[in-house]
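Single-structure report; data block below.
Starting from 1, each residue takes its place in the sequence as its number.
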Amino acid sequence: MARDRVCGMTVDPAKAAGSHEFQGETYYFCGKGCLAKFSAAPERYVQPAPPPPQPSARNIEYTCPMHPEVRQIGPGACPKCGMALEPVTISADAEDNPELAEMTHRFWISLALTVPVVIASMTASAPVWTWVELVLATPVVLWGGWPFFVRGWQSLVNRSLNMFTLIGLGVAAAYLYSLVAAAFPGMAVYFEAAAAIVTLVLLGQVLELKARSQTGAAIKALLGLAPKTARVIRPDGSENDVPLDEVQAGYRLRVRPGEKIPVDG
């Protein structure tokens with residue numbers, strides 16, 4: 001059996017209405033009209049169409065799982081609850097999670113700096129160690145915790161307090177108090193607390209984003225099982241395979257033995 005390159009119908013070469021040879025290969029057609037169209041411009045039907053451009057994460061619409069009314073183009077955080085936004089439409093194509101990659105990067109660097117801060121706070125008592133804690137904790141708080149400060153500030157601006165409001169206030173209070181107390185020997189400092197809070201929250205964000213990514217991967221795996229085409233029965237009784245996204249309500253489809261059902265009905 002052959003396929004009509006013009007209309008897509010399956011054609012029996014012995015019963016074909018016509019044939020045309022192009023570049024050393026013979027093509028068969030269901031009717032004279034398809035033969036005429038192919039003969040006029042065979043390159044149009046033989047050469048494969050260029051694949052459509054794949055959408056990037058920067059031009060996909062995202063929404064918040066908790067607040068569906070929040071919509072924006074590209075990834076980001078919800079201005080109401082601070083959660084990472086999810087794509088509105090899930091496709092079967094693999095997509096990178098920029099939020100997970102960023103949080104993972106911040107977590108590992110913050111962890112490497114927080115461990116010596118915590119150890120120094122428990123074992124060292126000399127005043128010089130206070131400045132060591134300051135040097136190590138500052139990038140953790142200001143760089144590692146920057147997304148939490150941004151989300152906490154957005155919650156204040158939008159008058160929608162959330163956990164990032166509390167995290168931002170707690171970390172800022174501990175760090176700023178310790179910054180002042182460091183200038184006065186004998187006063188307690190809480191650089192290790194500020195750094196540890198940031199690192200633990202980063203760990204929580206990484207675990208949450210990984211869990212959500214695994215859920216999305218399971219949905220994509222299910223989408224990958226769906227057929228890519230459907231066999232449409234035309235009003236004249238003819239049949240041809242069309243891409244699944246071209247199937248419309250009211251179409252009659254034929255599902256042959258052993259085939260997957262392309263759509264629900």
Side-chain angles (χ1 to χ4, degrees), residues 57-58 60 62-72 74-88 90 94-122 133-179 188-221:
R58 295 298 175 183
I60 297 177
Y62 281 69
T63 187
C64 175
M66 301 297 296
H67 301 89
E69 69 276 8
V70 175
R71 300 288 181 102
Q72 74 173 42
C78 175
K80 294 185 177 181
C81 66
M83 288 185 65
L85 302 181
E86 295 282 351
V88 174
I90 298 179
E95 296 175 359
D96 295 331
N97 189 334
E99 182 81 5
L100 175 58
E102 178 187 357
M103 288 297 178
T104 302
H105 180 62
R106 290 178 186 269
F107 166 70
W108 286 114
I109 294 180
S110 298
L111 179 64
L113 295 174
T114 300
V115 170
V117 172
V118 174
I119 294 176
S121 67
M122 294 188 299
E133 292 180 31
L134 170 62
V135 171
L136 294 176
T138 296
V140 176
V141 173
L142 299 184
W143 178 76
W146 179 252
F148 308 143
F149 291 125
V150 172
R151 296 177 188 185
W153 175 255
Q154 289 178 341
S155 70
L156 295 175
V157 172
N158 292 282
R159 298 180 181 180
S160 179
L161 304 184
N162 52 54
M163 71 171 187
F164 294 104
T165 314
L166 180 61
I167 293 170
L169 289 175
V171 172
Y175 179 78
L176 293 177
Y177 171 83
S178 301
L179 200 61
V189 294
Y190 302 97
F191 291 121
E192 81 286 354
I197 291 174
V198 170
T199 303
L200 290 175
V201 175
L202 284 171
L203 175 60
Q205 290 294 298
V206 171
L207 295 177
E208 175 190 341
L209 291 169
K210 280 188 176 181
R212 290 164 61 180
S213 295
Q214 290 173 355
T215 303
I219 297 176
K220 292 175 183 178

Excluding sequence neighbours, so at least two apart, what forms salt bridge (Lys or Arg N to Asp or Glu O under 4.0 Å) with R212? E86, E208
Residues that A193 engages under side-chain contact (heavy atoms from CB on, under 4.5 Å), provided they are two or more places apart: Y190
Report the distance from atom CG of N162 to atom CG of L156, rounding to the nearest 0.5 Å. 8.5 Å
Exercise: identify the closest heavy-atom pair between L209 and A84: CD2-CB, 3.7 Å
Could you check F148 against V201 for side chain to side chain contact (heavy atoms under 4.5 Å, CB included), going step by step and ending with a plain yes or no? CA-CA 9 Å; F148 308 143; V201 175; 3.4 Å; yes
Suppose we screen for ring-ring contact (aromatic ring centres under 6.0 Å, His included). Which residues come up paired with H67, at least two apart in sequence or across chains? none
Any residue meeting salt bridge (Lys or Arg N to Asp or Glu O under 4.0 Å) with E99, in chain and number order, not counting sequence neighbours: R151
First locate atom CZ of F149, then atom CG of L169, and finally report the distance between them rounded to the nearest 0.5 Å. 9.0 Å
What is the distance from atom CD of Q72 to atom CG of L85, rounded to the nearest 0.5 Å? 5.0 Å
All pairs passing salt bridge (charged side-chain N to carboxylate O under 4.0 Å, His left out) where residues 111-121 contributes a residue, at least two apart: none
Tell me whether T104 contacts the main-chain N or O of A101 through its side chain, where contact means a donor paired with an acceptor under 3.5 Å. no
Reported CD1-to-CD distance for the pair I197 and E192, which is rounded to 0.5 angstrom: 9.5 Å
Closest non-hydrogen contact found for V117 with L113 is CG2-O, 3.2 Å
Side chain proximity check, F164 to Q154, heavy atoms < 4.5 angstrom: no
Counterpart residues, side-chain contact (heavy atoms from CB on, under 4.5 Å), relative to I119 (two or more places apart): V115, T123
What do the steps show when you test Q205 against F107 for side chain to side chain contact (heavy atoms under 4.5 Å, CB included), and what is the final call? CA-CA 9 Å; Q205 290 294 298; F107 166 70; over 6 Å; no
Compile the donor-acceptor pairs under 3.5 Å between side chains in residues 75-83 and protein atoms, sequence neighbours left out, one pair per line.
from, atom 1, to, atom 2, distance (Å)
K80, NZ, E69, OE2, 2.8

Just jot down the side-chain hydrogen bond (donor to acceptor under 3.5 Å, both in side chains) partners of T114, sequence neighbours excluded, or say none. T199
W143: which residues meet the ring-ring contact (aromatic ring centres under 6.0 Å, His included) condition with it, sequence neighbours left out? H105
I need the full list of side-chain hydrogen bond (donor to acceptor under 3.5 Å, both in side chains) pairs touching residues 163-179, with sequence neighbours left out, sorted by first then second residue. T138-Y175, S155-T165
Those residues at least two apart in sequence (or on a different chain) that pass side-chain hydrogen bond (donor to acceptor under 3.5 Å, both in side chains) with S213 are N97
Show every salt bridge (charged side-chain N to carboxylate O under 4.0 Å, His left out) that has at least one partner inside residues 137-149, sequence neighbours left out. none
Just verifying a value: how many Å separate W108 CH2 and L202 CG, rounded to the nearest 0.5 Å? 12.0 Å
